[in-house]
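Take a look at the structure set out below.
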2 protein chains.
Amino acid sequence: MDELGHKDRAEPEDTRIRAARIQDVARLADVSTATVSRALANPERVSPEARARVLEAIAKTGYVPNPAARSLRSQKTFMVLVVLPDLSNTFFSKILRGIEETLFEAGYGMIISDLDGSPEKEAHFAAFTAAGRVDGAILLNGHLFGQSRGGEGQPARIGIPLVALCEAIPGADIPQIEIDNRAAASRMTQHLATLGHRRIAYVSGPANNILERERFLGFKEGLEAVGLPFDPALIIPGDYTIEAGVRAGQDLVARSTRPTAVFCTSDEMAIGLMRTLFSAGLKVPDDISVAGFDDIEFAAVAEPSLTTIHQPRRELGQAAASALIDLLQGRSSPKRIRLDTELVIRDSVASL
Amino acid sequence: MDELGHKDRAEPEDTRIRAARIQDVARLADVSTATVSRALANPERVSPEARARVLEAIAKTGYVPNPAARSLRSQKTFMVLVVLPDLSNTFFSKILRGIEETLFEAGYGMIISDLDGSPEKEAHFAAFTAAGRVDGAILLNGHLFGQSRGGEGQPARIGIPLVALCEAIPGADIPQIEIDNRAAASRMTQHLATLGHRRIAYVSGPANNILERERFLGFKEGLEAVGLPFDPALIIPGDYTIEAGVRAGQDLVARSTRPTAVFCTSDEMAIGLMRTLFSAGLKVPDDISVAGFDDIEFAAVAEPSLTTIHQPRRELGQAAASALIDLLQGRSSPKRIRLDTELVIRDSVASL
DNA sequence: AAGTTGCATGTAATCGATTACATAGGGTTG
DNA sequence: CAACCCTATGTAATCGATTACATGCAACTT
């Protein structure tokens with residue numbers, strides 16, 4: 001069996017030890033393969049003695065069921081696809097960890113598909129769902145759904161359970177895990193107003209983003225609640241990235257009358273914006289207050305530290321994973337789960 | 001077969017359209033399943049006419065090979081495991097994207113395993129490799145390897161191809177993709193010295209981290225190159241996190257004689273450190289210069305913007321994935337790939 | 001013309017687990 | 001004691017693709 005002798009057809013020169021199969025376990029435990037399978041899947045359906053022998057044999061052989069075989073027969077993959085718009089966005093990482101740990105505990109693996117640009121996204125999603133490579137998917141991105149409905153060319157196999165995380169999908173009848181973006185945005189707006197700010201700018205997310213719409217509604221709601229007028233000139237377009245924040249900052253710097261406070265709908269934008277203001281010689285919060293959204297790691301160490309909305313990211317991930325697991329295992333899942341946010345007050349916002 | 005009528009065994013009441021199998025394609029194209037399989041895997045081994053008919057039938061049915069079946073037969077999963085110490089660390093995200101895109105192009109999927117704490121790590125790695133759920137793995141974490149060698153209990157199936165990314169694994173005979181940490185650290189050290197700094201502090205990574213060792217060697221090398229003495233009092237322990245940077249900052253602030261420059265071996269630490277210095281009333285770079293390592297997104301928008309070492313993160317990921325794919329497909333792969341770094345000069349470092 | 005070679009294709013075994021169905025034996029009931 | 005039921009277990013079909021081997025046919029060699 002080694003690079004020396006082996007005249008008699010030994011294992012191909014593969015050093016790897018052949019993994020134990022269910023048959024090996026069955027033989028060792030002196031039962032049939034059916035019993036081994038049952039001992040694992042439905043312990044109560046085999047006698048205690050047989051089960052003991054099986055478990056012992058499994059321990060001895062180090063048997064692990066072959067997922068391909070199991071999957072082929074049972075039509076389940078024990079894999080979940082996580083679709084997200086941008087892996088390098090800090091915001092998602094803790095969410096992912098929450099998802100991963102919950103999935104892992106339930107015996108599921110996680111496949112990540114980073115959409116990044118438009119073109120591939122459909123491809124990725126289709127490739128995995130269509131091929132039956134995953135049992136379900138968690139979507140951290142709302143847009144994608146529209147297209148996937150029964151286009152002729154693509155396989156009509158989109159029937160796998162889905163869960164939407166953070167980005168609600170409009171007409172879709174799937175569980176949505178989210179925070180109350182509207183309430184949070186309203187809260188922040190009122191917080192700013194309470195400190196005496198009258199001209200509050202708003203740096204938005206991507207235009208047709210559902211999350212953005214909610215936050216925008218919340219912003220307007222907040223203004224209304226404190227009796228401030230809504231001024232379209234104070235809306236600055238953004239897309240949650242650092243660069244968008246930088247650009248928004250340039251816009252502000254160039255203005256003759258500036259707002260006294262800026263509410264950025266992501267911490268990245270707030271940090272980019274503060275950077276630009278600073279370069280232009282404006283001081284935060286003395287000259288202008290800046291608030292963020294998300295409470296990413298860097299929010300606390302930004303200079304000045306960022307007042308923002310804390311989202312329970314890990315918990316969001318866990319909740320999404322749990323909801324999906326419920327669906328996958330035939331249980332029902334609440335249609336909508338809302339986790340609480342928290343207003344985190346730091347140094348980037350001051351009273352007028 | 002069902003509680004209602006349907007006498008002639010209709011499809012079970014599953015709305016999902018049954019995915020096309022190779023048999024359906026074969027029937028439609030009027031060939032055998034073997035020919036269909038060959039038309040896909042070895043196009044040159046079937047006649048052009050047959051191939052055309054097969055392709056047409058595939059287009060018509062929307063056939064996608066069932067990965068479980070393929071995997072069962074061919075003993076390949078077309079999945080790669082990526083093991084990393086901390087998903088929420090900004091540094092990894094772009095690397096992941098590089099890995100993912102390269103894998104995807106080659107038809108491989110990516111499974112991510114975030115080690116986070118110690119206990120699970122072995123579990124995750126073992127669970128996936130042992131079960132044959134993946135064909136290979138990319139390790140972004142060096143430690144793990146020691147344990148996995150032939151422990152009695154665990155399945156001896158660690159024979160899958162591995163690639164080490166960024167964290168070289170000492171004795172292991174596997175391809176290593178990395179940057180020249182030593183040269184980069186030396187370069188930065190000399191850069192600081194050239195600007196007149198004589199007392200340069202060094203904020204380290206985790207003690208037994210290989211990457212850290214290289215950078216530390218580079219630091220000492222750099223000192224030597226410019227004729228500066230090595231002063232152990234100027235070494236401050238860290239672990240690459242923001243918090244470690246904050247702590248290092250507190251340490252510095254408390255000192256009576258302070259270094260004029262600090263070389264942090266990660267941008268996170270540099271940013272945390274600057275934050276603390278600032279809070280203590282010290283100005284960067286006027287009172288003290290700060291340099292980082294990695295060039296993460298936030299480095300450019302920190303205040304002041306951070307002088308650091310740029311690592312080609314996406315390319316690192318791509319290189320690692322390519323190397324692994326080479327191995328998986330039986331080609332050989334260079335044992336060591338080194339990508340170039342770049343010294344990025346910004347505002348956090350000034351001449352004395 | 002008989003033998004050889006090689007290509008295109010088909011037939012069927014195979015991968016390893018799950019599970020419908022069959023069966024044997026022990027216990028219960030009238 | 002016969003009829004029945006229930007439990008524990010075994011037998012073998014099955015999931016869908018890959019691929020070793022077999023076959024048929026055409027072209028070429030001597």
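The chains referred to below are lettered A, B, ... by the order of the sequence lines, with proteins before strands, and numbering in each begins at 1.
Atom CG of residue A/Leu327 and atom CD1 of residue A/Ile160 lie 11.0 Å apart, to the nearest 0.5 angstrom. Rounding to the nearest 0.5 Å gives a distance of 10.5 Å between CZ of B/Arg97 and CZ of B/Arg313. Taking CG of A/Leu162 as the start and CD1 of A/Ile174 as the end, the distance is 5.0 Å to the nearest 0.5 Å.
Whole-Å rounding puts the A/Asn66 CG to C/dG16 C1' distance at 6 Å. Put simply, CG on B/Leu40 is 12 Å from P on D/dT19, counting in whole angstrom units. For the pair B/Gln75 CD and C/dT14 P, the computed distance is 14 Å after rounding to whole Å. Residue A/Ile22 contributes atom CD1, which lies 15 Å from atom P of C/dC15 at whole-angstrom precision. The separation between B/Asn42 atom CG and D/dT19 atom P is 8 Å, rounded to whole Å. In this entry the distance linking NZ of B/Lys76 with C1' of C/dG16 reads 18 Å, nearest Å. Whole-Å rounding puts the B/Arg73 CZ to D/dA20 P distance at 7 Å.
Judged purely by atom type and a 3.5 angstrom limit, A/Ser71 uses its side chain to pair as donor or acceptor with the backbone of A/Lys76.
With sequence neighbours excluded, the residues forming a side-chain contact (heavy atoms from CB on, under 4.5 Å) with B/Leu328 are B/Val80, B/Tyr108, B/Asp135, B/Pro161, B/Leu324, listed by chain and number.
A/Pro175 places none of its side-chain heavy atoms less than 4.5 Å from the side chain of A/Ile337.
Residues B/Arg331 and B/Gln329 bring a donor and an acceptor atom of their side chains to less than 3.5 Å of each other.
Scanning atom types as modelled, no donor and acceptor separated by under 3.5 angstrom connect the side chain of A/Arg70 and the base of C/dT18.
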Nucleotides 7-12 of chain D: protein proximity per nucleotide (B base, S sugar-phosphate only, - neither; heavy atom, under 4.0 Å): -SBBBB
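At least one cation-pi condition fails for A/Arg21 and A/Tyr63: the charged atom is not both under 6.0 angstrom from the six-membered ring centre and inside a 45 degree cone around its axis.
Regarding contacts with the backbone of C/dG16, a side-chain N or O of A/Arg21 is found under 4.0 angstrom from either OP1 or OP2. At the phosphate of C/dG16, neither OP1 nor OP2 sits under 4.0 Å from any side-chain N or O atom of A/Tyr63.
In the helix from C/dA1-D/dT30 to C/dG30-D/dC1, the rotation axis of the first five pairs and that of the last five pairs differ in direction by 50°, rounded to 10 degrees.
When each of B/Leu140, B/Ile99, B/Val82 is tested with B/Phe92 by the rule side-chain contact (heavy atoms from CB on, under 4.5 Å), just one qualifies, namely B/Leu140.
Pairs of residues two or more places apart, or lying in two chains, that qualify as salt bridge (Lys or Arg N to Asp or Glu O under 4.0 Å) and include a residue from residues 40-65 of chain A are A/Glu56-A/Lys60.
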Determine all donor-acceptor pairs shorter than 3.5 Å in which one atom belongs to a side chain in residues 32-41 of chain B; sequence neighbours excluded.
{"from": "B/Ser32", "atom 1": "OG", "to": "B/Ala34", "atom 2": "N", "distance (Å)": "3.4"}
{"from": "B/Ser32", "atom 1": "OG", "to": "B/Thr35", "atom 2": "N", "distance (Å)": "3.4"}
{"from": "B/Ser32", "atom 1": "OG", "to": "B/Thr35", "atom 2": "OG1", "distance (Å)": "3.4"}

Please write out the pairs of protein N or O atoms and N or O atoms of nucleotides 23-25 of chain D separated by less than 3.5 Å, giving the distance to one decimal.
none

